[in-house]
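I have placed the structure first, in the form of structure tokens, so that the comments after it can refer back to it.
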Amino acid sequence: MEQIAGFYFCHCPDMQLAKEYMENSYISSFGDAWLHAEKRSFWNEDIGAYLSQLDTITFETKNKIFYIRNAHELSLEQWKKISGALSKPRSDILSVFFLNNALDKGKLKVPQAVQKLKCFEFAHKKGWIFESVGVTDKNFVQILKKEAKEKYNLTLSNDICSLLKDILSPDYNSINNILAQLSLVADENGQGEVSANVIAQLTNYTPELVWFNIINKIETGKSADVWKLFYKASNQIDDSSIFPFLALMMREMRTLWKIKANEQVYLPNSQVDNKTAIAAKLGFTNIAKIISLLCFAEYAIKSGKKKSVETLEELIKDIIKIYTKDTSQLATLYAINTEN
């Protein structure tokens, strides 16, 4: 069997995704002695203790895995000491350095303090490095479907993936948490396919699910359908309901603005044509009007000038007017402006 690396670099903004790779793809391939190794995490202020551990010789036979968290924040002086210590490898210790710095213009960028280190250059030569951009708009659906199928044998439609993308934070931990919950429901019902109803019943995202559907109806321009859905969900709407709506609607406006500006937007193939048509129909001016409405509505509620449910209804009326090119007065924006 191939010898495990003396040290390893994980360059990925998503710590959990990098840790998943190390434990389930790399370390596990070296058998039980490493799978059940003693694990210990070190932070910036613990580097002295970490270096001391590398120098400590014990009579124990158990392997050790040292995780150095937020290694991208270490100083050049700290890295020089680490690089010197790693030049004398220990066969019973695996050091894993997590570089979790944010993407630079959508791409990985190695911190300057790391770029010219001998240990980093050696890791590249030996293949002792994992590099991933983490979970992004571009790969969210791909990772979601892959994890669902491989880990839980779940099948997710494009519509369900789009819904989950709207209500989940873009990180590996959120994806796996929701999939673990969905797998329990799927197993219980003996089904491999997940429906929107299953998600609504299982998660705490019911308000977002309601607004997701209402926004879709708003974009059709059929106001009767919007209000039918709104009043059907009225038992789920309370004073806090407007904030999920504001967040989802603001995200939608940013997406439409990018499409209109010919910027890169990552959408499921099934949505591209529809969103492009909506962006063209609204244009920059109307998208900007809706963004203004959202900001004014949030201000009105947080400042105590208006009540949440009242503002929510006025806001939806105003947005529908913009989508349907109704030229009558926008109530919410007008009311807030005249109060200031």
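Please read these numbers as outputs of a predicted model, since none were measured by experiment. FYI, side chains are in, hydrogens and waters are out, and symmetry mates aren't considered; it's all heavy atoms of this structure.
Distance alone, capped at 3.5 Å, is enough to place a donor-acceptor pair between the S292 side chain and the A288 backbone. Checked by atom type and distance alone, the side chain of D171 never pairs as donor or acceptor with a backbone atom of V135 at under 3.5 Å. Although no hydrogens or angles enter the test, the distance criterion places no donor-acceptor pair under 3.5 Å between the side chain of E131 and the main chain of H11. Under a 3.5 Å cut-off, the side chain of D55 and the backbone N or O of S52 do not form any donor-acceptor pair. Checking side-chain atoms of K306 against main-chain N and O of A297 turns up no donor-acceptor pair under 3.5 Å. Between the side chain of S25 and the main chain of M22, no donor-acceptor pair closer than 3.5 Å is present. Looking at N101, its side chain does come within 3.5 Å of a backbone N or O of K109 through a donor-acceptor pair.
Between N176 and K151 the shortest side-chain heavy-atom distance falls below 4.5 Å. Between L51 and K81, some side-chain heavy-atom pair lies under the 4.5 Å cut-off. The shortest side-chain heavy-atom distance between K19 and R69 does not fall under the 4.5 Å cut-off. Under the 4.5 Å side-chain criterion, counting only non-hydrogen atoms from C-beta, S95 is in contact with L54. When side chains are defined from C-beta on, N286 does not count as touching Y323, because their heavy atoms never get closer than 4.5 Å. The side-chain heavy atoms of P13 and L108, taken from C-beta on, include a pair separated by under 4.5 Å. Using a 4.5 Å cut-off on side-chain heavy atoms (C-beta onward), S132 and D14 make no contact. In this structure the side chain of K305 never reaches within 4.5 angstrom of the side chain of F296, judged on heavy atoms.
Annotation: ring-ring contact (aromatic ring centres under 6.0 Å, His included) contacts of F97 (sequence neighbours excluded): F9, W79. Taking Y21 as the reference, Y8 meet the side chain to side chain donor-acceptor pair (under 3.5 Å) condition, with sequence neighbours excluded. Residues meeting the ring-ring contact (aromatic ring centres under 6.0 Å, His included) test with W257, sequence neighbours left out: F284.
L315 and L248 fall within the same hydrophobic cluster, defined by Ile, Leu, Val, Met, Phe, Trp and Tyr side-chain heavy atoms under 4.5 Å apart, directly or through other members. When the side chains of ILVMFWY residues are joined at heavy-atom separations under 4.5 Å, either directly or via intervening members, V133 and V114 end up in two distinct hydrophobic clusters. In the hydrophobic clustering of this structure, Y26 groups with F7; members are Ile, Leu, Val, Met, Phe, Trp, Tyr whose side-chain heavy atoms approach within less than 4.5 Å, directly or through other members. I322 is connected to L294 through a chain of hydrophobic side-chain contacts under 4.5 Å among Ile, Leu, Val, Met, Phe, Trp and Tyr, so both are in one cluster. Transitive grouping of hydrophobic side chains (ILVMFWY, heavy atoms separated by less than 4.5 Å) brings I93 and Y50 into a common cluster.
Contact record, K118 with S83: N-OG, 4.1 Å, taken as the closest heavy-atom pair. Nearest heavy atom pair, residue M253 against residue I287, reads O-CG2, 3.7 Å. The nearest pair of heavy atoms linking A37 to K64 is CB-N, 4.3 Å. Across all non-hydrogen atoms, the minimal contact from K62 to E38 is CE-N, 3.7 Å. In terms of heavy-atom proximity, V96 sits nearest to C10 at CG1-SG, 4.0 Å. A pairwise comparison of heavy atoms in F243 and E298 identifies CE2-CG, 4.4 Å as the closest pair.
Within the model, atoms CG of L99 and CZ of F130 stand 12.0 Å from one another, a figure rounded to the nearest 0.5 Å. Rounding to the nearest 0.5 Å places CG of L154 at 11.5 Å from CD1 of I160. Between the CG atom of N216 and the CG atom of D225 there is a distance of 12.0 Å, given to the nearest 0.5 Å. Considering OG of S28 and CH2 of W34, their distance stands at 13.5 Å, rounded to 0.5 Å. Residue L293 holds its CG atom at 10.5 Å from CD of E314, rounded to the nearest 0.5 Å. The NZ atom of K165 lies 10.5 Å from the CD1 atom of I175; values are rounded to the nearest 0.5 Å.
Surrounding CD of E45 are more than 12 heavy atoms belonging to other residues, nucleotides or ligands, all under 6.0 Å away. Annotation: K149, atom NZ; neighbour count of heavy atoms from other residues, nucleotides and ligands within 6.0 Å is above 12. With a 6.0 Å radius and a threshold of 12 heavy atoms from other residues, nucleotides or ligands, Q142 has its CD atom at or below the threshold. Counting non-hydrogen atoms of other residues, nucleotides and ligands closer than 6.0 Å to NZ of K116 gives a total of 12 or fewer.
Side-chain N/O atoms of N63 and H36 include no donor and acceptor closer than 3.5 Å.
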K145 vs N158, side-chain contact (heavy atoms from CB on, under 4.5 Å): CA-CA, chis, key distance, verdict: CA-CA 9 Å; K145 285 189 172 185; N158 287 336; 2.7 Å; yes

I218 and E252: CA distance, side-chain angles, deciding distance, side-chain contact (heavy atoms from CB on, under 4.5 Å) verdict: CA-CA 12 Å; I218 288 173; E252 183 72 0; over 6 Å; no

Full working for side-chain contact (heavy atoms from CB on, under 4.5 Å) between I319 and I316: CA-CA 5 Å; I319 293 173; I316 292 175; 5.8 Å; no

Residues I47, I68; criterion side-chain contact (heavy atoms from CB on, under 4.5 Å); working and verdict: CA-CA 8 Å; I47 293 305; I68 295 81; 4.1 Å; yes

